[in-house]
Amino acid sequence: MTKTLLLIDGNSLAFRAFYAMHNQLDRMISHNGLHTNALVAFNNFFDKIVDKLQPDYALVAWDAGKGISTFRGKIFSDYKGGRQTTPPELSEQFPYLRKMVDLHGIHSYELPSFEADDIIGTYAKKAEQAGLLTTIITGDRDLTQLVSDRVLVQVTKKGVTDLDAYTPDFLAKKWAGISPAQVIDMKALTGDSSDNYPGVTKVGEKTALRLLNKYGSLDGIYKNVDSMKASKLKENLVNDRDTAYRAQTLATIKCDAPVEIALEDLVVKPIDFQKLIEFYEELDFKVQLAKIHSMQKSGMIPENDEVDNDHKTNYFTELTAANLDHLTEIKDYLTVYFQTDSENYHQASILAFVIGNEQAGYFVSDDIQLLNSSVVRKLFTSSIPKYVFNAKELTVLLDHLGLKINNIQFDFLLVSYLLNTTDNDNKLSTLASRFKIYIESDDDVFGSKSKFKIPESEVLFKHLSQKASAISRLYAPSLRELKDNEQEDLYYKIELPLSDVLARMEINGIKLDQAELSDLGKEFDEKISDLEQRIYKEAGEKFNINSPKQLAELLFVKMQIPPIKRTKTGFSTAASVLEELADKYPFVALILQYRQFAKLNSTYVKGLLDVVDKNDSKIHTRYLQTLTQTGRLSSVDPNMQNIPDRDEEGKRIRKAFVPSHPGWQIFGSDYSQIELRVLAHVTDDDNLKKAFAEGEDIHAATARSIFGLDPSTKITFEQRRRAKAVNFGIVYGISDFGLAQRLGISRQEGKEIIETYFREFPKVRDWIDSIIALAHKQGFVETIAHRRRYLPEIHSKNFNLRSFAERTATNTPIQGSAADIIKIAMINMDKVLAEKNLKSKMLLQVHDELIFECPPEEISILESLVPKIMDSAVKLRVPLKVEAHHGDNWYDEK
DNA sequence: TGAATCACG
DNA sequence: ACGTACGTGATTCAA
């Protein structure tokens, strides 16, 4: 086999890597404050290349210093002049880039007064003479002058991973028949703007190619220049002769630089994984660490002695009917994990399970029947603390088997969410890596979603025992951190009990009247096809009304309607735009109607009928308890938190949500203005507190304050509307522009309104200022229940990112505290329903409201009980107000 | 897979 | 001077 050499232009690649991930600059900072964007991109690319080529020899060449100190700088003092200085965020990464290369067993090399190109050229020549095959990786096309049968030059196109492979043939194809040697003369004629040296005046790529094709080389051109017929070009060639030859020298890569390392010493050394792991840990390279760990586990690379010493032999036993007794040896705590075949645990199958602990070991099986044994049932219901990952999922799965589990004390999913919501993908492998515990990812074991495959049981069981062991070992360090953050109450008193409440709400589900919904769907279908016909007729052609692109083409190109707003990709056809056009172009109103019914039909009629449980005719949503950045819940499969309510047509969907027992009622209860009450509480503003204390309509009260109206004046609709927009703006992190936009007023007017607001509610401004200052200082903000949100971008130099972080710094304590409050209310509500032996069931939570189903005789009980529980969930500096309604279905509950 | 749109608080 | 209000999920189209 011919030996191979890999040569990499380090500087060029580092720049590419840096700018390829420039948008991530402020997010990718290690715990030491080092930017890591270029390091990550470089490292991934580097791994990929080395992995693919498996070179025998390799070298990464770096530029020694500034242009002036190289021999090219001596020839032309302005060489590389006018270049932007390297951003400090990249400079600081260079020493680490070199270390990274070094730890990969590959030489880094630089030579005073020479550039990386020259080092590469020199070694490429040496390798060619020695009969090696060389691959050069660079972002600089100059290096294509080195291309030959034995030297391949790969030039990055976009970013770092997309490469053009230059062979002599490819070069000729790319540049109209040019040869590698002619690349230099091209540069001589055209100059190089990025290196800041000129060629011949007015000669660009096209002219240069033509000249070279005719005369072969720069020398050839000048040999024949006298016989050319008189032209501006000839004049320029003659005048710029010296410049051209100087450019030729500058463009020529030195192939005889005095390099000191012998070719054979560039041999690639084996990677020292111990050191590489330490390096990655220093840089917080979670993904790379996980990769190394999984390679070690699968035996692809040697296992590391010093890391994870205790758990190298992650043993497990297959649980059978014969060895069930072994389970009685489990003391202290019990880790439980169920592996399903899909995300939606309401309909998933259990593939296998694992139970055990670090002392007694782990027992794994795919025989689900074993769970029904008295040994297991006893263990699950015993008072032994249980450690799990996703208590809610486990509770639902067990419920399907008719089983229960008691005393879940540790849910690592919940704990990691409380510790840090950012970059939480809800996966055990990633969350564990934050604590330097590395296990294989589900994607690695089962394949990604579309290609889900169950591995052989040995592999599956081993994976499960790894997961269980990780959960056990995560208990101490993660709870330690919870305590340091003063988040124990948030965990033990709110999130953990809530997960059980949510599990039972999901299991109970809400009944869907499928016939009612189908009938509504038929009605919508007719409206849609009618509108469709009328739209085609008016448009004079058929087109896909659902395609914003085709619609924009029709409206703004064919019909020549002046566009109002742009999107990234073209003209916007959003409802706000169409509404503005509808008066002048009645046809546009048809499109708005079409959109409305199409949305209702696809998302709410078809969508809901698709996911209804055919066995009990119920909708079992899943609440995601560990997803939002603020502490709210979210709801999926289906989303029960965005069922239409604002327009009459959409609202009718709610008629299909009915009680699950005949004669029962749907009962709903919602907080009134909870976020503004939280605002009054956290700011302690007297004016705001007074308005709530006196039970005023808060938007009207705000209108009085900001428009200077005395208490006897009647507030107009418009005044109240504006005040309402201001109140929303305050909660969201207001800007004069944003307010002006929304109210259709000038920016100046917007600004004045905001200033008046802050004069009237001075402590609101004080609080906003102080919470932003606090966020800058500590890097996170908190809710009343000590829920945290980290805001790394608050330190960004990018105005947009920083401003966004500042707005979230004000919004999150408000939205998040409101979420805390309703969560507490839900736990209390659940408890009191049980204590009073009521049949009523809590079904849904929609951020500030709770929906129940109840027998008629409990209506009056709920009417006093639910508002009482909700408004007493926490004690704020203002009262909480709750309103309650009931009806035969969710539509009539209002 | 991302963008656009629109449903909710 | 910067761009321009917070938090979500589902569907559809078009690469």
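Everything quoted here is computed from the prediction, not taken from an experiment. Chain letters run A, B, ... following the sequence lines, proteins first, then strands; residues in each count from 1.
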Chemist: What's the separation between atom CD1 in A:I619 and atom CD in A:E506, rounded to the nearest 0.5 Å?
Modeler: 13.0 Å

Chemist: Look up atom CD1 in A:I591 and atom CG in A:L551, then write down how far apart they are to the nearest 0.5 Å.
Modeler: 4.5 Å

Chemist: CZ of A:F804 to CG of A:N811: how many Å apart, nearest 0.5 Å?
Modeler: 9.0 Å

Chemist: NA contact type, A:I814, heavy-atom cut-off 4.0 Å: base, sugar-phosphate, or nothing?
Modeler: nothing

Chemist: Send over the distance from A:F804 CZ to C:dC6 C1', rounded to a whole Å.
Modeler: 8 Å

Chemist: Under 4.0 angstrom, heavy atoms only, what part of the nucleic acid is A:S572 near: base, sugar-phosphate, or nothing?
Modeler: sugar-phosphate

Chemist: Sequence neighbours excluded, which residues qualify as side chain to side chain donor-acceptor pair (under 3.5 Å) partners of A:E532?
Modeler: none

Chemist: Output the rounded distance in Å from CD1 (A:I768) to P (C:dC6).
Modeler: 13 Å

Chemist: Can you tell me how the ring of A:H620 sits relative to the ring of A:H346, calling it parallel under 30°, perpendicular over 60° and tilted otherwise?
Modeler: tilted

Chemist: Could you run through nucleotides 8-15 of chain C and give me one letter per nucleotide, 5' to 3': B if any protein heavy atom sits under 4.0 Å from the base, S if only the sugar-phosphate is that close, - if neither?
Modeler: SBBSSSSS

Chemist: Select base, sugar-phosphate, or nothing to describe what A:A575 touches, counting heavy atoms under 4.0 Å on all strands.
Modeler: sugar-phosphate

Chemist: Using Watson-Crick pairs (N1 to N3, plus N6-O4 or O6-N4) and G-U wobble pairs, both distances under 3.5 Å, which stems of at least 3 pairs involve DNA chain C?
Modeler: B:1-9 with C:6-14

Chemist: Check the pair A:E523, A:R652 against salt bridge (charged side-chain N to carboxylate O under 4.0 Å, His left out), reporting the backbone distance first and the verdict last.
Modeler: CA-CA 12 Å; A:E523 198 185 310; A:R652 294 171 65 197; 2.9 Å; yes

Chemist: Which residue pairs pass the salt bridge (Lys or Arg N to Asp or Glu O under 4.0 Å) test when at least one of the two sits in residues 734-745 of chain A, sequence neighbours left out?
Modeler: A:D736-A:R747

Chemist: How is A:G733 classified with respect to the nucleic acid when contacts are heavy atoms under 4.0 Å: base, sugar-phosphate, or nothing?
Modeler: sugar-phosphate

Chemist: Please determine if A:R654 and A:D892 form a salt bridge, counting it only when a charged side-chain N lies under 4.0 Å from a carboxylate O.
Modeler: no

Chemist: Between A:S796 and A:E793, does the side-chain hydrogen bond (donor to acceptor under 3.5 Å, both in side chains) criterion hold? Intermediate values first, please.
Modeler: CA-CA 5 Å; A:S796 174; A:E793 289 174 340; over 6 Å; no

Chemist: Can you check whether A:R632's main-chain N or O pairs, donor with acceptor, with A:Q815's side chain at less than 3.5 Å?
Modeler: no

Chemist: For A:R632, report the nucleic acid contact type (base, sugar-phosphate, nothing); a contact means any heavy atom under 4.0 Å.
Modeler: base

Chemist: Nearest-Å distance, CD1 (A:I771) to C1' (C:dC6)?
Modeler: 15 Å

Chemist: How many angstroms lie between atom CD1 of A:I827 and atom CD1 of A:I869, to the nearest 0.5 angstrom?
Modeler: 12.0 Å

Chemist: Can you check the A:F728 CZ to C:dG7 C1' distance for me, whole Å?
Modeler: 12 Å

Chemist: What residues in residues 739-761 of chain A put a non-hydrogen atom under 4.0 Å from any atom of DNA chain B?
Modeler: none

Chemist: Find the distance between CZ (A:F524) and NZ (A:K606) and round it off to the nearest 0.5 Å.
Modeler: 11.0 Å

Chemist: Can a donor-acceptor pair be found, under 3.5 Å and without considering hydrogens, that links the side chain of A:T621 to the backbone of A:P638?
Modeler: yes

Chemist: Could you check whether A:T573 gets within reach of a base, just the sugar-phosphate, or nothing at all, counting any heavy atom under 4.0 Å?
Modeler: sugar-phosphate

Chemist: Give the first and the last nucleotide of DNA chain B, reading 5' to 3', that has any atom under 4.0 Å from a heavy atom of chain A.
Modeler: B:dA3 to B:dG9

Chemist: Once you apply a heavy-atom cut-off of 4.0 Å, does A:V846 come out as touching a base, just sugar-phosphate, or nothing?
Modeler: sugar-phosphate

Chemist: What distance, rounded to whole Å, do you find between the two P atoms, one in C:dT4 and one in B:dA3?
Modeler: 15 Å

Chemist: Once you round to the nearest 0.5 Å, how far does CD1 of A:I698 lie from CG of A:L676?
Modeler: 6.0 Å

Chemist: Judged by each residue's nearest nucleotide on DNA chain C, which is more toward the 5′ side, A:R802 or A:N811?
Modeler: A:R802

